[in-house]
Chemist: 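Structure in structure tokens, see below.
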Amino acid sequence: MHLLRPKDFRAVFQSARKARAYGIIFLFRPNDVGYPRLGFAVAKKHIPTAIGRNKLKRRVRESFRLQASTLPAIDLVVLSQKGIDDFDKTETWRCLNKVWQKCLQQCEQ
RNA sequence: GGAGUUGGCCAGGCAAUCGCUGCGCUAUUAGUAGCGGAGAGGAAAGUCCGGGCUCCAUAGGGAAGGGUGCCAGGUAAUCCCUGGGGGGCGCAAGCCUACGGAAAGUGCCACAGAAAAUAUACCGCCUGCGCAAGCGGGUAAGGGUGAAAUGGUGCGGUAAGAGCGCACCGCGCUGCGGGUAACCGGAGCGGCAGGGCAAACCCCACUCGGAGCAAGGCCAAAUAGGGGUUCUACAGGCGUGUCCCGCGCUGAACCCGGGUAGGCUGCUUGAGCGCGAUGGCGACGUCGCGCCUAGAUGAAUGAUUGCCCACGACAGAACCCGGCUUAUCGGCUGACUCCUUUU
């Protein structure tokens, strides 16, 4: 489930497709392990408090769990952007839904 | 009723469903599944102090450097806390206080002012000379400057003045009384003896080895040849975490795995929490009974829905405790002070 190794992260950053909406970017590429994996790269600059970073990760992890059955085997890294810290619960969800849509479209191609 | 001082507590609640991480039990060939139960804070933060724990090459002596600085107590310990003393603020409850030493030495004291500490005299006052302007002498009471000006007030004294003399206050010394002490009270004597700053250097007293869980330990692909234990002289060389003395290595003998990626461990039962009794003004101590209350490691507490209300602030454990400091929407509550009103 989790994406752990620094080298795995490097692989995603080097050759990835991109999907973005508002304050969130998904980077993803197919993997060999047979199931989707999730990793985070949330900048302290974008979300200054540990509370805020945890909150975002939990929301993303929850939506990943809900999508997991429909996903192909990809490695996915979630990046934050400026402004994400101001989002409330519903805004974050709307944003995430949009990114998932784009991501799945690209996977089908 | 109003204004205020001070201490303590809470940090949205309830229900349903789907998830995450340990733990216990059961099942299971490992994976895992089911059930039960647990799962962030008052500051988890800043890392400013103090300890525990771990390792390092002597952690020993000396120097340097750092810290603390009224007294007594509490504690594992402290720069913390409690009680007391002095000083300051407030009508009061109460609050603040780095609060040892300035004739050991060095340094600094802007502007203003005559003068900022070796002293000195701008205006003035008194006096001598002179027609006068002024010059010489005496003086530091009055004015002026400043954050601060060589004791304060009063009387005597004098040409005018001055601790020059006297009284009281202040200051110093010596007894006495109270207090564990800091200190307080009072007596006698002295004589006015040259300001402030030591969170400036410094002096004095006490005190401090260093690094930190990425500490340290174990299992172990790769890669390189070394690593460990014991004994030991001198000289030289090398090393040494502030420096020196010193110490260790380089020598000999014996033994054999070594340890990067990665994994495991350290990792939560502890100066623990709650209740009661008891000693103490109090911080806190002692005794009895009961309880087990996060342990993640790309890092677990979330999401959805419904209802209620005061419409929810600051904010996330990372080895563990005791403090301090900083951030914080609000709510509850104890004690006390002052003013006003009514009986």
Side-chain angles (χ1 to χ4, degrees):
Chain A
M1 280 295 261
H2 290 343
L3 190 58
L4 295 172
R5 307 269 174 270
K7 64 177 181 188
D8 295 334
F9 270 82
R10 227 176 297 124
V12 174
F13 279 117
Q14 275 168 4
S15 61
R17 297 215 251 172
K18 220 189 265 187
R20 62 188 294 177
Y22 311 111
I24 293 177
I25 305 179
F26 281 11
L27 298 176
F28 55 95
R29 69 188 287 271
N31 66 26
D32 307 326
V33 293
Y35 53 85
R37 295 190 296 186
L38 178 67
F40 291 97
V42 180
K44 209 170 187 176
K45 198 169 147 194
H46 299 147
I47 307 177
T49 64
I51 289 274
R53 288 192 294 279
N54 275 339
K55 213 165 256 179
L56 179 71
K57 284 190 220 170
R58 282 165 187 162
R59 283 170 185 162
V60 173
R61 213 175 283 129
E62 172 69 10
S63 77
F64 178 80
R65 190 178 63 80
L66 294 171
Q67 299 280 348
S69 55
T70 65
L71 280 177
I74 55 169
D75 285 342
L76 176 70
V77 173
V78 178
L79 293 176
S80 63
Q81 278 190 303
K82 214 168 132 190
I84 186 74
D85 198 31
D86 302 327
F87 282 21
D88 65 10
K89 218 164 45 177
T90 51
E91 284 176 311
T92 310
W93 278 112
R94 204 182 310 134
C95 175
L96 278 171
N97 285 335
K98 203 151 196 168
V99 190
W100 278 119
Q101 261 177 18
K102 291 186 181 177
C103 177
L104 289 172
Q105 273 174 14
Q106 287 193 44
C107 286
E108 284 167 16
Q109 286 166 6

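Labels below follow one simple rule: chain letters A, B, ... track the order of the sequence lines, proteins then strands, and each chain is numbered from 1.
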Chemist: So, is B/G65 syn or anti if syn means the angle is within 90° of 0?
Modeler: anti

Chemist: Between B/U54 and B/G262, how far apart are the C1' atoms? Round to whole Å, please.
Modeler: 24 Å

Chemist: Does B/G94 adopt a syn or an anti glycosidic conformation, taking syn as a chi angle within 90° of 0?
Modeler: anti

Chemist: Rounded off to whole Å, could you give me the CZ-to-P distance for the A/Arg53 and B/A315 pair?
Modeler: 12 Å

Chemist: Taking only residues two or more places apart in sequence, or in another chain, which ones meet A/Arg59 in a side chain to side chain contact (heavy atoms under 4.5 Å, CB included)?
Modeler: A/Lys55, A/Lys89, A/Thr92

Chemist: Please state the P separation for the pair B/G50 and B/C81 - nearest whole angstrom.
Modeler: 15 Å

Chemist: Roughly how far apart, to the nearest Å, are B/A57 and B/G65 at atom P?
Modeler: 29 Å

Chemist: Is B/A40 syn or is it anti, if syn means the base angle is within 90 degrees of 0?
Modeler: syn

Chemist: Between CG of A/Asn54 and CZ of A/Arg61, what distance do you get to the nearest 0.5 Å?
Modeler: 8.0 Å

Chemist: Look for any protein N or O under 3.5 Å of an N or O in nucleotides 302-306 of chain B and output each such pair with its distance, or none.
Modeler:
residue: B/A303; atom: O3'; partner: A/Trp93; partner atom: NE1; Å: 3.3
residue: B/U304; atom: OP1; partner: A/Trp93; partner atom: NE1; Å: 3.1

Chemist: I need the CG-C1' distance between A/Leu38 and B/G19, as an integer number of Å.
Modeler: 15 Å

Chemist: Take the protein atom NZ of A/Lys57 and the nucleotide atom P of B/A296, then report the distance between them rounded to whole Å.
Modeler: 17 Å

Chemist: Syn or anti for B/U293, taking syn as within 90° of 0?
Modeler: syn

Chemist: Could you tell me which nucleotide pairs with B/C164 by Watson-Crick or G-U wobble geometry, both distances under 3.5 Å, or answer none if nothing does?
Modeler: B/G156

Chemist: Measuring to OP1 and OP2 of B/C18, would you say a side-chain N or O of A/Arg61 lies under 4.0 angstrom away?
Modeler: no

Chemist: What is the ring orientation for A/Trp100 with A/Phe64, classed by angle as parallel under 30°, tilted 30 to 60°, or perpendicular over 60°?
Modeler: tilted

Chemist: Among A/Leu96, A/Val99, A/Val60, exactly one meets side-chain contact (heavy atoms from CB on, under 4.5 Å) together with A/Val78. Which residue is that?
Modeler: A/Val60

Chemist: So which protein nitrogen or oxygen atoms get under 3.5 Å of nucleotides 41-44 of chain B's nitrogens or oxygens?
Modeler:
none

Chemist: Applying side chain to side chain contact (heavy atoms under 4.5 Å, CB included), name anything that partners A/Lys98, two or more places apart in sequence or on another chain.
Modeler: A/Ala21, A/Tyr22

Chemist: Please report, rounded to the nearest Å, how far the C1' atom of B/G298 is from the CG atom of A/Leu76.
Modeler: 14 Å

Chemist: Is there a Watson-Crick or G-U wobble partner for B/G285 with both distances under 3.5 Å, and if so, which one is it?
Modeler: B/U278

Chemist: Pick one for B/G334: is it syn, with its angle within 90° of 0, or anti?
Modeler: anti

Chemist: Please examine the side chains of A/Phe40 and A/Leu56, heavy atoms only from C-beta on, and report whether any two atoms are closer than 4.5 Å.
Modeler: no

Chemist: Taking only the C1' atom of each, what is the distance from B/C247 to B/A103 in whole angstrom?
Modeler: 49 Å

